Structure formats: structure tokens, C-alpha cells
Amino acid sequence: MSEHPAIRFCNAPDDVRLAMTVQGSGPVIVKAANWLSHLQQESELFATRHWIDELARGHTLVRYDSRGCGLSDRDVASVSLQAWVSDLESVVDAANIGRFVLFGVSQGAAVAIEYAVRHPERVQGLVLFGAFARGMLRQGGSERVTQASHALVRLAELGWGHDTASFREVFTQHIFRDATPEQMRAFDECHRHTVSGPVAARYMRTFYQLDVCRSAAGLSCPALVMHSDGDALVLPREGRLLASLIPGARFVEVPSRNHLLLESEPGWKQVQAEFRGFMAAVHAAETGAARPALTPRQKDVLKAVARGLTDKSTARELALSPRTVEMHVARALKALGVRNRAEAVSVALQWKLLD
């Protein structure tokens, strides 16, 4: 269960008060804020608590509520990408941290990308989930898509804080296609009070128009981009496009129909393994650790693991015994400093050992 760290506040350059927390210890991860955030409730909500637990496991985690949301000032003059990036800069300065990994979900990824381009000396790496480089109205869609986008904005403006959940269900059902009715009600109840209708509408207008394609192409840090393969809110093609724009980024599609993975989904373990492998590789590079060395046979075995082969299938393919395959796997885990096969594959790919 996530801990409840103390809430602190800092001011953005335009005097908007931002709520923030710093928890845990170890290498630093900063989560770029996205809308529908609430620092206190995220630690308990089914949709977010496992993400916070994972990010804070063995790390110092810095989080904050975006302007207009959660515990931050609700009445704000500016809602823009520039304001969001400025808020992130203010939080990083207030946390008094050195270099760190940036984590971004949904439109928070655009904020993370812009920050990383402006401050390459601060950012060790990027982890992005459900992300996009182009907002809905920048994707060259049909007039019908444009009209639907404007209708959703109007719907949010009129009905977000209403006692009847039917207005918000349109958005919740796009975020969680496979959540239970009880989970959907909990999510709705939490976010009914997280943001007002007018601010929700302003957020939507802004991120529908986002375009960070040029910035993504200018990134110089390692990047892991993950996306649900059945995401209906941000289509997987947008995640693939973003990963293709970032030099050297690793793209992973995770089996899920939800925009944000639930802890109960089989794909969650894959997300954990990819994240842990990425962090291990980034930390090793940051501390100057020597590039891990694998024998040719260990590489062959890990390539088979990456393809999902069993030890018996790998043994047949490589003309080895299953026991020998297990031995090579165990030695590869030790060489890479990881605990399981999925993390081993992720670290090996991050170090480009399997090319």
C-alpha cells in the first residue's frame, strides 16, 4: 500500500500554488502531472495506487497536482503547454534534486518531453505510457472526429461536476474499458471533485491541440515508450509514432483495452519488468558501471526468452538440454544484475546486447 507523504506547496512563476510530495529514497523519479490528479486520493484509488507503489519502490518519487486540479490552485489564468512545463520546472527546483528520470502518462508525456528538451542536463531518461505527440485535432482526422472532439469539450464544461455521473461516464469508459462497475464508480467519485467542468474543458481544448513531434525528435536521453494495444482513448498508432520520433526509443505494446493498466491485468507484470529493466540500465549508465557482458550463448537464450519460448522449445532450437538453458539464463541474470527473465530481456535490450 502506498504511503501518505506530507503535502508541500511551491509557486509557479505566475503565482499559481502547486501541491507536491516527495516520498521514498534512492534514484529520483519525477512524474509530470496530468489532469485528473489528486495527490491524496491517488495513493488509495484502484487505478493509480499500484503505479505509485511501483514508481516509489527503491526510488525517491516526486509528484505534484497540475494547476487547476487536485490540491493545487483551482482558479488559474493560464492552461497551456508552456504553463505546464513551467510548473514542472518549479516543482523540480522546489524539490532540490539533481538528475532524474521523468515519467509521463497521457498528455503528461508531452510536458515531460518539452522539459527534457529544454533541460537535457537534468534528465537521465524518459518513461512514457499511453502517450502521444499529436493531440486529437493535430492527427489529420475527419470532420466527424473534429466535431466529436468539440462535443466532448462542451460535455465536460457543462456536466463534469454534476451529481449525475452520466456526463463523466463518457470519459471514464474511454479510460477503462475493462474495469468493473464498482471500480468505475470509485474512479468517477474521485475525479468528480478533482477538477471543475470549465477547467476540464480548458484542459481538453489544450491537449487536443498539442504537437511535440519536433521536440520528440530532438531528445537525447534514453526513452521507454509503453502503450496498451487496445487503448481507445489514445490509439496505439500514436504511441508508435511517438516512439519512432524519439531517437533510440524502445516501444512496447502491452495487452490491455484500458488507457491505464490495472494491477489485476496480466500485462501489469510486463510493465513492471520493462520499467525495472529500464531503470536498472539507466542507473548503471549514470553511475559509470561497465557495460554488461553476455556470452554468445547467453544472448541466444535471452533472444529466445524475448520471443516467449519455453526452456524446452529453446533447448530444441539451440540443440541444448533444458538444464543447460536454465544455466545460461541464471548466469545471464547474474551478469545483468536482475531478478527475473523479463527484467533481463529489458536490460539487455536497453544496453543493445541482443542486436
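This is a predicted model, so every value here is computed, not measured. Position 1 is the first residue of the sequence, and the numbers go up from there.
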Participant: Whether the side chain of Gln139 engages the backbone of Arg134 through a donor-acceptor N/O pair (distance < 3.5 Å, no angle test) should be reported.
Facilitator: yes
Participant: Is Leu39 reachable from Tyr203 through a run of I, L, V, M, F, W or Y residues, each pair having side-chain heavy atoms under 4.5 Å apart?
Facilitator: no
Participant: Let me see the working for Arg185 and Glu189 under side-chain contact (heavy atoms from CB on, under 4.5 Å), right down to the final yes or no.
Facilitator: CA-CA 6 Å; Arg185 285 193 294 272; Glu189 182 59 28; over 6 Å; no
Participant: So, are Arg138 and Asp211 salt-bridged, with charged N and O less than 4.0 Å apart?
Facilitator: no
Participant: Among all residues two or more places apart in sequence or in another chain, which pass the side chain to side chain contact (heavy atoms under 4.5 Å, CB included) test with Pro13?
Facilitator: Ser86, Ser90
Participant: Assess the residue pair Ile52 and Arg49 against the criterion (side-chain contact (heavy atoms from CB on, under 4.5 Å)); give the C-alpha distance rounded to whole Å, side-chain angles, the decisive distance to 0.1 Å, and a yes or no.
Facilitator: CA-CA 5 Å; Ile52 296 171; Arg49 62 192 177 199; 5.7 Å; no
Participant: Search all heavy atoms of Pro247 against all heavy atoms of Ala216 and return the closest pair with its distance.
Facilitator: CD-O, 3.6 Å
Participant: Please report the closest heavy-atom contact between Leu336 and Ala348, naming both atoms and the distance.
Facilitator: CD1-CB, 4.3 Å
Participant: Would a single hydrophobic cluster contain both Met184 and Leu152, if residues Ile, Leu, Val, Met, Phe, Trp and Tyr are joined by side-chain heavy-atom contacts under 4.5 Å?
Facilitator: yes
Participant: Okay, side chain of Ser346, backbone of Ala342: is any donor-acceptor separation there less than 3.5 Å?
Facilitator: no
Participant: What is the minimum heavy-atom distance between Asp231 and Gly130, and which atoms define it?
Facilitator: OD2-CA, 4.4 Å
Participant: Linking I/L/V/M/F/W/Y whenever their side-chain heavy atoms sit closer than 4.5 Å, directly or via other members, would Met204 and Phe187 fall into one cluster?
Facilitator: yes
Participant: Indicate whether any N or O donor in one side chain lies under 3.5 Å from an N or O acceptor in the other, for Glu89 and His119.
Facilitator: yes
Participant: Rounded to the nearest 0.5 Å, what's the gap from CD on Glu265 to CZ on Arg257? Could you check?
Facilitator: 10.0 Å
Participant: Among residues at least two apart in sequence or on other chains, which ones pass ring pair (Phe, Tyr, Trp, His ring centres under 6.0 Å) with Trp268?
Facilitator: His50, Trp51
Participant: Could you check whether any side-chain N or O of Arg291 sits under 3.5 Å from a backbone N or O of Trp351, counting only pairs where one atom can act as donor and the other as acceptor?
Facilitator: yes
Participant: Taking the side chain as every heavy atom from C-beta outward, state whether Val234 and His227 have any atom pair closer than 4.5 Å.
Facilitator: yes
Participant: With side chains defined as the heavy atoms from C-beta onward, is the minimum distance between Thr314 and Leu320 less than 4.5 Å?
Facilitator: no
Participant: Can you find a pair of side-chain heavy atoms, one from Gln270 and one from Met226, that are under 4.5 Å apart?
Facilitator: no
Participant: Per the side chain to side chain donor-acceptor pair (under 3.5 Å) rule, what does the pair list look like for residues 212-226, sequence neighbours excluded?
Facilitator: Glu114-Ser215
Participant: Apply side chain to side chain donor-acceptor pair (under 3.5 Å) to Ser313 and list each qualifying residue two or more places apart in sequence or on a separate chain.
Facilitator: Thr310, Arg316
Participant: Answer yes or no: is there a donor N or O on one side and an acceptor on the other, between the side chain of His59 and the main chain of Arg57, under 3.5 Å?
Facilitator: yes
Participant: When you group the ILVMFWY residues by side-chain heavy-atom contacts below 4.5 Å and let the links chain together, are Met279 and Val347 in the same group?
Facilitator: no
Participant: Might you point out which heavy atoms bring Ala186 and Leu45 nearest each other, and give the distance in Å?
Facilitator: O-CD1, 3.8 Å
Participant: Please list, chain by chain and in numerical order, all residues satisfying ring pair (Phe, Tyr, Trp, His ring centres under 6.0 Å) with Phe207, sequence neighbours excluded.
Facilitator: Trp35
Participant: Measuring from Leu235:CG to Arg240:CZ, what's the distance to the nearest 0.5 Å?
Facilitator: 9.0 Å
Participant: Do any side-chain atoms of residues 293-308 form donor-acceptor pairs under 3.5 angstrom with protein atoms, and if so which ones, sequence neighbours left out?
Facilitator:
residue	atom	partner	partner atom	Å
Thr295	OG1	Gln298	N	3.1
Arg297	NH1	Asp300	OD2	3.4
Gln298	OE1	Thr295	N	3.0
Arg307	NH1	Glu317	OE2	2.8
Arg307	NH2	Glu317	OE1	3.0

Participant: Using only atom types and a distance under 3.5 Å, with no angle test, would you say the side chain of Thr60 pairs donor to acceptor with the backbone of Gly26?
Facilitator: yes
Participant: Got a sec: does the CZ of Arg122 have more than 12 other heavy atoms crowding it under 6.0 Å?
Facilitator: yes
Participant: If I compare all heavy atoms of Ala12 with all of Asp87, which pair ends up nearest, and what's the gap?
Facilitator: CB-OD1, 3.2 Å
Participant: Heavy-atom count around Glu182 CD within 6.0 Å, excluding the residue itself: above 12?
Facilitator: no
Participant: Could you check if a side-chain atom of Leu242 sits within less than 4.5 angstrom of a side-chain atom of Glu238, using non-hydrogen atoms only?
Facilitator: no
Participant: Would you please name every residue forming a ring pair (Phe, Tyr, Trp, His ring centres under 6.0 Å) with His174, sequence neighbours left out?
Facilitator: none
Participant: Apply side-chain contact (heavy atoms from CB on, under 4.5 Å) to residues Thr146 and Leu137 and explain how you reach the verdict.
Facilitator: CA-CA 6 Å; Thr146 300; Leu137 298 180; 4.0 Å; yes
Participant: Are any non-hydrogen side-chain atoms of Leu261 and Ser228 less than 4.5 angstrom apart?
Facilitator: yes
Participant: Report the C-alpha separation of Arg67 and Asp14 in whole Å, then their side-chain angles, then the decisive distance to 0.1 Å, and conclude whether the side-chain contact (heavy atoms from CB on, under 4.5 Å) test is met.
Facilitator: CA-CA 11 Å; Arg67 58 176 51 219; Asp14 59 355; 2.9 Å; yes
Participant: State which residues pass side chain to side chain contact (heavy atoms under 4.5 Å, CB included) with Ala217; sequence neighbours excluded, sorted by chain then number.
Facilitator: none
Participant: Taking only residues two or more places apart in sequence or in another chain, which ones pass side chain to side chain contact (heavy atoms under 4.5 Å, CB included) with Pro322?
Facilitator: Lys312, Ala315
Participant: Consider only side-chain heavy atoms of I, L, V, M, F, W and Y, link residues closer than 4.5 Å, and tell whether Val123 and Val212 are in one cluster.
Facilitator: yes
Participant: Less than 4.5 Å apart, any side-chain heavy atom of His150 and any of Tyr208?
Facilitator: no
Participant: Donor-acceptor pairs are to be reported for all side-chain atoms of residues 92-108 against protein atoms at under 3.5 Å, with residues two or more places apart or in another chain.
Facilitator:
residue	atom	partner	partner atom	Å
Arg99	NE	Glu286	OE1	3.4
Arg99	NE	Glu286	OE2	2.5
Arg99	NH1	Glu121	O	2.8
Arg99	NH2	Glu286	OE1	3.0
Ser106	OG	His259	NE2	3.1

Participant: Which atom names give the shortest non-hydrogen contact between Val117 and Gly218, and what distance separates them?
Facilitator: CG2-C, 4.5 Å
Participant: Does Phe46 have any ring pair (Phe, Tyr, Trp, His ring centres under 6.0 Å) partners at least two apart in sequence or in another chain, and if so, which?
Facilitator: Phe176
Participant: Keeping Glu343 on the side-chain end and Asn340 on the backbone end, is there a donor-acceptor pair under 3.5 Å?
Facilitator: no
Participant: Which one of Ile29, Thr21, Val30, Leu55 satisfies the side-chain contact (heavy atoms from CB on, under 4.5 Å) criterion with Val62?
Facilitator: Val30
Participant: For residues 69-83, tabulate all N or O donor-acceptor pairs below 3.5 Å that involve a side-chain atom, not counting sequence neighbours.
Facilitator:
residue	atom	partner	partner atom	Å
Ser72	OG	Ala19	N	2.9
Ser72	OG	Asp65	O	2.6
Asp73	OD2	Arg17	N	2.8
Arg74	NE	Gly70	O	2.9
Arg74	NH1	His193	O	3.3
Arg74	NH2	Gly70	O	3.1
Arg74	NH2	His193	O	2.7
Arg74	NH2	Thr194	O	3.4
Ser80	OG	Ala83	N	3.0
Gln82	OE1	Arg118	NH1	3.1
Gln82	OE1	Arg118	NH2	3.2

